There are 2 protein chains.
Amino acid sequence: MLLRRLASTSAWTLPPTIRQVLSSSGTDQVQLCGWIKSVRRQKNVTFAVISDGSCPTGLQAVLSNTVSSQLKGLTNGASVRVSGLLVNSRGTGQAKELQVDSIDVLGECDPETYPIQKQTLSVDYLRDHAHLRARTDTNASILRLRDSLTKVLQQFYERHDFCYVHTPILTSSDCEGAGETFRVMPSSIVPSHAPVNSDSSDVPSSEFFSKPAYLTVSSQLHLEALASSLSRVYTLSPCFRAERSQTNRHLAEFWMLEAEWTWTREVNDLCQLVEACLKDALILGIDEEERRVLAKGVPDYEQRLRCLEDAASSKPWARLTYTEAISELEKYATSTGPKASTFEFQPVWGRALQSEHERWLSEVLVKGPVFVTDYPSSLKPFYMRMNDDGRSVACFDLLVPYVGELVGGSLREERFDALRSRMSALGMDTEGEEYRWYLDLRRFGSVPHGGFGLGFERLVSWVSGVENVRECIAMPRWARRMLL
Amino acid sequence: MLLRRLASTSAWTLPPTIRQVLSSSGTDQVQLCGWIKSVRRQKNVTFAVISDGSCPTGLQAVLSNTVSSQLKGLTNGASVRVSGLLVNSRGTGQAKELQVDSIDVLGECDPETYPIQKQTLSVDYLRDHAHLRARTDTNASILRLRDSLTKVLQQFYERHDFCYVHTPILTSSDCEGAGETFRVMPSSIVPSHAPVNSDSSDVPSSEFFSKPAYLTVSSQLHLEALASSLSRVYTLSPCFRAERSQTNRHLAEFWMLEAEWTWTREVNDLCQLVEACLKDALILGIDEEERRVLAKGVPDYEQRLRCLEDAASSKPWARLTYTEAISELEKYATSTGPKASTFEFQPVWGRALQSEHERWLSEVLVKGPVFVTDYPSSLKPFYMRMNDDGRSVACFDLLVPYVGELVGGSLREERFDALRSRMSALGMDTEGEEYRWYLDLRRFGSVPHGGFGLGFERLVSWVSGVENVRECIAMPRWARRMLL
């Protein structure tokens, strides 16, 4: 028989990572692989720190000089395989170290040209070297934090019986008014390296999808359809906005955690779920060792940490209506003396809150996370549920210190007539194909429901203290910047 | 103080779902919400099955006719809130039932116009009603299966210390040769409802990202960069191909599980990990009740199930080299008599395997999953590691019955000189910006590594027995089709 039968895979496993070895107890003979982070040669012995990216602390390898002297390639950035005995460390700074029997350099690294030198590198320089920046302690830690936060949030939603779903990235709807969208078409229609207005005679007259396709700006409308049968759904999905503004909170491609669930009737209920899941993220999402690594690059880390610890406490987060918020902002805006307003924009009921207003509310007034609820309907999209006052909608924005808006959500208008009137008033076509399906959700067994979207990079920024969202994602994209 | 302080959220939870209620023990007074799936009126009592999508079986609600007679809206598809006592059922078909005290119709559903009628609906009809099709048992079950498979796979990768990462969807690279790509640009550049070759005078001459942007066809190259610092990474990410062919295995937008890890040197090691994770998916990914729901729509379900159970056993999966596979295919192709070949295409060493070849290998020769390894380098992309024979590469395709290719992977060429020579031979620019970063991964601390990509919808199809991948994703997109 020609088929090669192999041993059963039941006992199959990968070799241990440095994290696994360091978290095991006892002394052991081990073999490990990783990259050299630093080398320190002493008279009789050489210390090398080796990292495989599995944990914030590398492994200290101790090489007698008879071992290390044979190795010219033992430089920062080189990849090595080491064998030896893992013992309790006699030095300070690490619990265990490896007494190396043998070391092999697998991939050399020229210390002269290696872009990731040991001195502190600027964020701009590291953005230019996006393919290697995860080799720095901070950037590796941020990527592990994303993994950890994802896990904690997924566990939260699983515990509450939400179904994790995948909503489409390509959509025919560009109507959310959430900023400029990206348009998609097959490359063959667009000459690949020429401006799109070139006179191309082989352009097919029909669209690939028979209608224009856009990249999604939010999964919400699709989540509503799925919540109309599965009751509780969430997704962690890429979203896209053709933002030209260059801020530390915006990317052209970012990830959003969005949840939508039924049988909910109060904005307060939405806020409670958001608060509960974010407290889980704050408490369980990051451990002490990772915190120490991340703290290094953040000047005011102690202050931020106190703020995070306060937010993670059992004390409930503050809530204000938009009207109350405007009233507080107005008071401050007209104050005089040493605490006089520094606002550039006047807060006015009916106008959007500016970034400076949002930050003042959370950083100065509340000194912590604050839910601002019940905004004027004129400031919010068509799908939000109208309050009984006829001028505000049942919605919230969660503002947090340092970041500003972290989450936005609302009850959705589940009353068919109310939704159709609102859409008509906004000039939307309630008879056409584009929204027929959305209205159908209210036509057939409509249910009270609501949900929210949470900017994942902003959450990473908040939890880590890392200022700019460009550092909070592996390979950031923004206007005029798309490396790799 | 204006801030409204609320009770602590620590005890906060959502009301139970039907799944949670049914899996609790004992009898209880409960309140539940859901959609009516069926109503059966008898002389003194009305039975209604209510589902909230949280589990395959709904809840049987028993209404005395004094309760149900007041309700004209008690129709299929209506949303209701019911209260009552949960008791052990006296009937067959369910363990528990709800003796209803009160029932409220929250959202009516006109039985005449409701698109999801109770009789069996064709897949084409349901595709046309994508926004409501998750209200059918089968489609809801498929969505829960996606959630369940995701969870099982994530646990597998977590256990093996992989880091879950997000790779970019927008990329400057369209070079993988993996089919036609989609091109992306801001909507403002393209008139939104006109053909792209219209003479638009306000088209900016520069690209949004300063270079052409495409939707990713695979996260692999980006995963390689991250594995070069984190060692073990994986992602579950949307991928895009502007496929015009209409098959039951292809979508324009699909999800791929891709993993990449370092310090691995054998195709056999890659296959072992893939086999272990897929056995987890087969064993843990689907429970008996969901299977029963899914079985209903699949004519040859028993046969498929036996095949899946066999694949899930501890018996190792078959492995063949490409050369061995061609030899077996040739033998069959030239056979005569009652078992004569039905191949349309002649199997020839050096040519790609056709679908019919792949299916024959797994369905007839092996009768189960089979890894085909070491394809000729001319058939595979530039990044695969050349074998010592100089003509084949260290790669595999996993072929499974009914589906065909489920996974493809390889060792990656980690030797700088070998990679550069191969790229040059293929006419690729090894000096330019496009691949400089990819070569850098081999320039600085290169490591042996490999990985694979697994088509998530194909996995769902394999596990569920659902024939077409268009049913294996909530809102499928293919050429000329993009609803919602």
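Quantities reported herein were computed from a predicted structural model and do not represent experimental measurements. First the proteins, then the strands, lettered A, B, ... as listed; each starts at 1.
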I'd like to know if the side chain of [X] and the backbone of [Y] have a donor-acceptor N/O pair within less than 3.5 Å.
X	Y	result
A:Ser79	B:Val447	no
B:Arg144	A:Cys163	no
B:Arg232	A:Gly53	no
B:Glu253	A:Ile169	yes
B:Trp35	A:Ser229	no
A:Ser446	B:Gly107	no
B:Thr181	A:Ser187	no

Do [X] and [Y] have side chains that get closer than 4.5 Å, going by heavy atoms?
X	Y	value
A:Pro186	B:Arg244	yes
B:Leu484	A:Thr171	no
A:Leu14	B:Trp263	no
A:Trp437	B:His129	no
A:Arg146	B:Tyr164	no
B:Phe209	A:Arg480	no
B:Gln154	A:Gln154	yes
B:Thr113	A:Arg443	no

With a 4.5 angstrom heavy-atom cut-off, which part of [X] approaches chain B: side chain, backbone, both or neither?
X	result
A:Arg135	both
A:Trp261	side chain
A:Glu414	neither
A:Ser228	both
A:Ala130	neither
A:Pro16	backbone
A:Tyr438	neither
A:Phe162	both

Look at [options] and state which one has the largest set of heavy-atom pairs under 4.5 Å with chain B.
options	result
A:Leu132, A:Asp269, A:Asp110, A:Leu215	A:Leu215
A:Arg81, A:Glu108, A:Lys151, A:Arg481	A:Lys151
A:Ser51, A:Pro115, A:Ser148	A:Pro115
A:His160, A:Arg477, A:Arg442	A:Arg477
A:Ala78, A:Gly34, A:Pro238, A:Pro448	A:Gly34
A:Glu158, A:Arg159, A:Arg133	A:Glu158

ask   = Side chains of B:Asp161 and A:Ser54: do they bring a donor and an acceptor to under 3.5 Å?
value =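 Distance-only check fails for B:Asp161 and A:Ser54.
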
task = Could you grab the distance from atom CZ of B:Arg183 to atom CZ of A:Phe182, nearest 0.5 Å is fine?
result =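 B:Arg183 atom CZ to A:Phe182 atom CZ measures 12.0 Å (nearest 0.5 Å).
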
task = Return the option, out of B:Val105, B:Leu143, B:Asp52, B:Leu170, with the maximum number of heavy-atom pairs under 4.5 Å with chain A.
result =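 That would be B:Leu170.
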
task = Return the option, out of B:Ala134, B:Ala213, B:Pro15, B:Cys33, with the maximum number of heavy-atom pairs under 4.5 Å with chain A.
result =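 Most heavy-atom pairs under 4.5 Å with chain A: B:Cys33.
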
task = Would you mind checking which part of B:Val233 comes under 4.5 Å of any heavy atom in chain A, side chain (CB onward), backbone (N, CA, C, O), both or neither?
result =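 Nothing of B:Val233, per the 4.5 Å heavy-atom cut-off to chain A.
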
ask   = Where on B:Glu433 is there a heavy atom nearer than 4.5 Å to chain A: the side chain, the backbone, both, or neither?
value =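 Just its side chain gets close to chain A.
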
B:Arg436 CZ: over 12 foreign heavy atoms closer than 6.0 Å =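 No, not enclosed.
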
ask   = Passes side chain to side chain contact (heavy atoms under 4.5 Å, CB included), B:His131 versus A:Asp440? Steps please.
value = CA-CA 8 Å; B:His131 60 302; A:Asp440 267 5; 2.9 Å; yes

query = Should the pair B:His166 and A:Trp255 be assigned to parallel (<30°), tilted (30 to 60°) or perpendicular (>60°) ring geometry?
reply =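 Ring orientation, 0 to 90° scale: parallel.
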
query = Hey, mind stepping through A:Asp147 and B:Val165 against side chain to side chain contact (heavy atoms under 4.5 Å, CB included) and telling me if it holds?
reply = CA-CA 7 Å; A:Asp147 167 275; B:Val165 295; over 6 Å; no

